[in-house]
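All remarks here apply to the structure that follows.
We number each residue from 1, following the sequence as shown. Any value given below was found using the heavy atoms of this structure, including those in side chains, with hydrogens, waters and symmetry copies removed.
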Amino acid sequence: MNIRSITLLEEPDIDIELASRFFSEAREAFHLPVQTVRIALTPFPNWSNEIGLVDSNLYEIKAANLVSTFFDSGADYINLGPVLLEHDPGWLKMVPELLAIDERISTSAEIADTNGSIDIGRCHLVAQTIIDISKIRPGGFGNFSFAATANCPARTPFFPVSYHGGGPRQFSIGTESADLVLSVIEASTNLENARENLIQAIEEEAAAISETALELEAAFTIQFAGVDFSLAPFPEYRKSLGAALEAVGLPALGHPGSLFSAAFLADTLSRARFKRCGFNGLLLPVLEDSVIAQRVASRNLSIDQLLAFSAVCGTGLDIIPIPGDVK
């Protein structure tokens, strides 16, 4: 298990010296390896009220200067914040150019409000943005830096949907814990035993993370927002959420019982007690999970099935392969 991200949630007028000291200490403070430290800002059209769409070139220059300063703090990645549903659709046209500034930049765009009402027109605009972004870097890798979102709260540490809701600076922590789940399930004798063991393991790890985080909060006067213990995978078998789902009792992900397996893990995670922020669900990034990718490639698992899983697991889908010439 790793800490995938320690995300500093900031206003654009960030204190670079403070951020630098915070990142330097946070990288070494925890009992788990810290993979990345990141900065997430407020929604990006709000950075500068005096620069509008007619001055988009000036806005890109401002963004480039901002992110250059942010990277001086030692951050590995920067999130420019989302294009909210209330923002003028013209801002979406700027997203590919903003992401082209540096491959370490991320952003997102809402397609639904917090009540779950989907804006179909916005969906088409965001779909075009995804196609445009796919041309920034070979192989569509630019799309790792962008997501369409619905009902995503502020403070989640996972990119590209992370953003600061405004106010005092905070930090949140995201885990990479699919390997923990797989190990616990394999060592359990039945589902009831697996649930008990997994809740205990999650609470112990979250408590240890939170203890260190509160020490950092006191040292830097940066509020600890919580832990997002979403069961994030890494493209190795022992770190695969797909493998953990199959370990619940499936011959292969996609077979009958798969939806139950997803609901079982999501429900178990929801019962664990710790200071939460973000998703706290099952992250299902198709191209970042070796087992899920294999099951999709073998046509054993469809996107419709994955959408059904996401309906019970607290998060949506991510890193979905689509044809390069899709309309």
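Of all heavy-atom pairs spanning P285 and I319, the tightest one is CB-CG1, 3.9 Å. Closest non-hydrogen pair, P82 versus T107, comes out as CA-OG1, 4.1 Å. Nearest heavy atom pair, residue A194 against residue V184, reads O-CG1, 4.2 Å. In terms of heavy-atom proximity, I202 sits nearest to F274 at CG2-CE2, 3.9 Å. Of all heavy-atom pairs spanning D289 and G242, the tightest one is OD2-N, 3.2 Å. Taking every heavy atom of both residues into account, R276 and A272 meet most closely at NH2-O, 2.7 Å.
Each of L191, L265, V312 was checked for a side chain to side chain contact (heavy atoms under 4.5 Å, CB included) with F260, and the lone residue meeting it is L191. If you run side chain to side chain contact (heavy atoms under 4.5 Å, CB included) between V67 and each of I101, D72, I39, only I101 comes through.
A donor-acceptor pair under 3.5 Å is absent between the side-chain atoms of Q170 and the main chain of L9, judged by distance alone. When atom types are taken as modelled, the side chain of S162 and the backbone of T156 share a donor-acceptor pair closer than 3.5 angstrom. Under a 3.5 Å cut-off, the side chain of D102 and the backbone N or O of L99 do not form any donor-acceptor pair. Within the 3.5 Å criterion, the main-chain N or O of G226 finds no donor-acceptor partner in the side chain of S172. A donor-acceptor pair is defined here as one N or O able to donate and one able to accept, closer than 3.5 Å; no such pair exists between the side chain of S261 and the backbone of S258. Under a 3.5 Å cut-off, the side chain of S134 and the backbone N or O of I131 do form a donor-acceptor pair. One N or O on the side chain of T268 and one on the backbone of F264 form a donor-acceptor pair closer than 3.5 Å. One N or O on the side chain of S230 and one on the backbone of N280 form a donor-acceptor pair closer than 3.5 Å. Using modelled atom types, one side-chain atom of N300 and one backbone atom of L253 make a donor-acceptor pair closer than 3.5 Å. Put simply, the side chain of D228 gets close to the backbone of F279: a donor and an acceptor are under 3.5 Å apart.
The existence of a salt bridge linking R195 and D267 is confirmed by a sub-4.0 Å separation between a basic side-chain nitrogen and an acidic carboxylate oxygen. Between E25 and R21 no salt bridge is recorded (no basic side-chain N to carboxylate O distance below 4.0 Å).
E11 is not listed as a side-chain neighbour of R169, based on a closest heavy-atom distance of 4.5 Å or more. In this structure the side chain of E205 reaches within 4.5 angstrom of the side chain of F229, judged on heavy atoms. For the pair F30 and I173, the minimum side-chain heavy-atom distance is below 4.5 Å. Proximity of F158 to R4: side-chain heavy atoms (C-beta onward) are separated by under 4.5 Å at one or more points. Contact annotation: the side chain of K239 approaches that of E176 to within less than 4.5 Å [non-hydrogen atoms, C-beta and beyond].
I320 and V291 fall into different hydrophobic clusters, where Ile, Leu, Val, Met, Phe, Trp and Tyr side chains are chained together by heavy-atom contacts under 4.5 Å. Hydrophobic clustering of Ile, Leu, Val, Met, Phe, Trp and Tyr side chains at less than 4.5 Å, counting indirect connections, keeps L41 apart from L84. Taking hydrophobic clusters as Ile, Leu, Val, Met, Phe, Trp and Tyr residues chained together by side-chain heavy-atom distances below 4.5 Å, F159 does not share a cluster with L282. Hydrophobic clustering (ILVMFWY, side-chain heavy atoms < 4.5 Å, transitive): L180 and I292 are in one cluster. Hydrophobic clustering, with ILVMFWY side chains joined whenever heavy atoms are under 4.5 angstrom apart, keeps V161 apart from I133.
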Legend entry - side-chain hydrogen bond (donor to acceptor under 3.5 Å, both in side chains) evaluation trace for H255 with E246: CA-CA 10 Å; H255 283 230; E246 292 182 350; over 6 Å; no
Inset, instruction - Step by step, work out the side chain to side chain contact (heavy atoms under 4.5 Å, CB included) result for V296 and L306. - result: CA-CA 10 Å; V296 171; L306 285 168; 4.2 Å; yes
Inset, instruction - Report the C-alpha distance between R137 and S145 in whole Å, list the side-chain angles of each, state the deciding distance to 0.1 Å, and finish with yes or no for side chain to side chain contact (heavy atoms under 4.5 Å, CB included). - result: CA-CA 11 Å; R137 293 193 290 277; S145 302; 3.6 Å; yes
Legend entry - CA sep, side-chain torsions, deciding dist, call: N2, F234, side chain to side chain contact (heavy atoms under 4.5 Å, CB included): CA-CA 10 Å; N2 296 313; F234 184 81; over 6 Å; no
Inset, instruction - Determine, stepwise, if the pair L284 / L241 fulfils side chain to side chain contact (heavy atoms under 4.5 Å, CB included). - result: CA-CA 8 Å; L284 300 166; L241 179 56; 3.9 Å; yes
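Taking CD1 of I14 as the start and OG1 of T69 as the end, the distance is 9.5 Å to the nearest 0.5 Å. Atom CG of D76 and atom CZ of R38 lie 8.0 Å apart (nearest 0.5 Å). A distance of 9.5 Å separates CD of Q305 from CG of L259, quoted to the nearest 0.5 Å. Once rounded to the nearest 0.5 Å, the distance linking CG of L231 with SG of C313 reads 9.0 Å. Here NE2 of H124 is found 13.5 Å from CG of L92. Values are rounded to the nearest 0.5 Å. Taken to the nearest 0.5 Å, the CG atom of L85 stands 9.0 Å off from the CD1 atom of I111.
For NZ of K275, the number of neighbouring non-hydrogen atoms (other residues, nucleotides, ligands) closer than 6.0 Å is greater than 12.
Under the rule for a side-chain contact (heavy atoms from CB on, under 4.5 Å), the partners of P321 that lie at least two apart in sequence or sit in another chain are V286, L287.
Contacts classified as ring pair (Phe, Tyr, Trp, His ring centres under 6.0 Å) and involving residues 165-196 (residues at least two apart or in different chains) are given here: F22-F171, F171-F224.
Side-chain N/O atoms of Q200 and E204 include a donor and acceptor closer than 3.5 Å.
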Could you go through residues 206-216 and list every donor-acceptor pair under 3.5 Å that involves a side-chain atom there, pairing it with any protein atom two or more places apart or in another chain?
{"residue": "S210", "atom": "OG", "partner": "A206", "partner atom": "O", "Å": "2.9"}
{"residue": "T212", "atom": "OG1", "partner": "A208", "partner atom": "O", "Å": "3.4"}

